Amino acid sequence: MPEARLTFLLGGARSGKSAHAEQLVSALPAPWTYIATAQSYDDEMSERIAIHRARRDANWVTLDAPLDLTETLDALPDGAPLLLDCLTLWLSNQMLAGHDVEQESARLADVLSRPRGPWFVVSNEVGLGIVPDNALARRFRDAAGRLNQRVAAHAHTVLFMVSGLPMKVK
Amino acid sequence: MPEARLTFLLGGARSGKSAHAEQLVSALPAPWTYIATAQSYDDEMSERIAIHRARRDANWVTLDAPLDLTETLDALPDGAPLLLDCLTLWLSNQMLAGHDVEQESARLADVLSRPRGPWFVVSNEVGLGIVPDNALARRFRDAAGRLNQRVAAHAHTVLFMVSGLPMKVK
Amino acid sequence: MPEARLTFLLGGARSGKSAHAEQLVSALPAPWTYIATAQSYDDEMSERIAIHRARRDANWVTLDAPLDLTETLDALPDGAPLLLDCLTLWLSNQMLAGHDVEQESARLADVLSRPRGPWFVVSNEVGLGIVPDNALARRFRDAAGRLNQRVAAHAHTVLFMVSGLPMKVK
């Protein structure tokens with residue numbers, strides 16, 4: 001059974017996070033579990049989801065968890081290679097649903113601190129631009145940074161993706 | 001007396017810059033000097049200042065220097081461990097006050113090039129997003145990048161913070 | 001004749017990309033070719049172009065290629081040290097001109113995958129801020145990230161610039 005460890009892949013938009021994570025997971029014995037957090041609100045998002053889905057073949061079992069991510073992780077079998085993509089979309093869904101994001105983030109980080117297989121988790125870094133004008137965007141940026149810090153603290157390996165290439169942070 | 005050297009911690013919003021810098025400083029013999037550059041314009045900012053202040057105990061001596069930072073640094077005793085948090089808020093205060101930011105930045109960088117104790121300086125990286133629509137934000141972004149370059153050039157150690165973890169740049 | 005290899009310098013606004021690239025190129029035997037992709041639409045841009053131009057001396061041969069970059073690269077003599085600054089301005093020009101940016105990006109990446117001298121290519125990382133409100137900015141951000149990934153995949157060396165300092169990614 002593959003080792004239980006958490007790998008955290010962090011990066012900007014179009015930094016190659018998902019593709020690199022898929023490569024790492026698919027080097028392990030199939031089947032692989034894919035937890036998708038994306039929720040389609042519009043055509044742009046539907047298109048992105050379709051592109052990601054098309055890249056994955058029949059060895060992937062896809063679970064959708066736009067909100068119930070902690071429960072979905074809890075229900076996973078031991079030893080299953082997992083790709084969870086991505087934390088920031090989940091956080092955005094939680095915020096739109098009006099949930100307490102700090103509490104939900106703490107619960108999620110707690111489950112991720114006890115990986116039960118080779119778990120690969122993708123998230124966006126969104127804090128390296130100018131302070132956003134809009135208060136909701138600032139709240140999101142802060143919550144995402146705090147969530148990323150919590151997860152990174154528990155991860156065995158942290159990769160910062162730059163133009164498709166991983167930089168090892170931890 | 002602890003060695004005089006400049007450590008520069010750079011990172012995005014919620015990247016754990018301040019907490020990491022506090023950890024590094026508080027590993028040195030107390031008391032520690034904290035120079036705060038934040039100025040409270042609104043409730044959101046007041047709350048942030050209060051959270052930061054609450055994290056620090058009685059071993060910290062806090063000095064406020066929203067504008068007169070160069071003078072405050074000049075007046076510090078030799079050998080005192082210092083945490084200066086942060087350059088970008090100071091720069092924003094200078095810009096709002098209508099001062100010549102290039103001249104003020106050059107003066108500040110000059111003082112920082114001659115640290116008189118173990119000095120830890122925190123700043124925000126704000127240049128890795130899309131070009132801002134608004135001309136003031138672009139001016140700020142440019143000025144912040146130039147100031148960060150000046151300080152990084154003089155620093156003995158430069159850390160780029162990602163999700164609470166330091167990457168050594170220099 | 002200097003070795004044919006591609007060095008890719010990526011970074012945020014005011015991260016010292018151009019200055020560092022100029023330093024690396026000017027350590028090689030002159031003359032040096034400079035391909036500028038900037039197009040002056042307003043005073044702010046004209047001023048930036050003038051500052052960059054003033055920094056370079058008579059050993060630099062400057063070619064302007066706001067759109068015809070692939071053709072300009074194809075016409076370069078073998079062995080010539082080259083600084084191309086920068087890909088994101090070229091991409092923005094292509095987008096404004098209504099060209100097919102994916103097709104143009106693929107053509108460009110193809111030429112860059114076969115450098116015929118010591119080629120240094122500068123580009124902006126724009127994907128590490130909050131998701132832009134505006135759809136055009138999101139399209140640009142995605143196209144820039146994809147282009148950067150293509151070029152980074154072919155590069156022999158990839159440097160991520162932070163406050164004027166290079167971090168080696170590859």
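Order of the sequence lines sets the chain letters (A, B, ...), proteins ahead of strands, with each chain counted from 1. Note that the structure is predicted; figures quoted are calculated from it, not measured.
- Using a 4.5 Å heavy-atom cut-off against chain C, the contacting residues of residues 4-11 of chain B are B/Phe8, B/Leu10.
- With sequence neighbours left out, the side-chain contact (heavy atoms from CB on, under 4.5 Å) criterion links B/Pro81 to B/Val25, B/Leu28, B/Trp32, B/Pro118.
- Neither the backbone nor the side chain of B/Val151 comes within contact range of chain C; no heavy atoms are under 4.5 Å apart.
- Nearest approach of C/Ser163 to B/Ala152, heavy atoms of both residues: O-CB, 3.5 Å.
- Identified by a heavy-atom distance below 4.5 Å to chain C, the contributing residues of residues 126-140 of chain B are B/Gly127, B/Leu128, B/Gly129, B/Ile130, B/Arg138, in residue-number order.
- Residues of residues 89-110 of chain C lying under 4.5 angstrom from chain B, judged on non-hydrogen atoms, do not exist.
- Without hydrogens or angle criteria, B/Gln149 side chain to C/Arg14 main chain gives a donor-acceptor distance under 3.5 Å.
- Taking chain C as the reference chain and counting heavy-atom pairs below 4.5 Å, the highest number among B/Asn148, B/Val169, B/Asp142 is found for B/Asp142.
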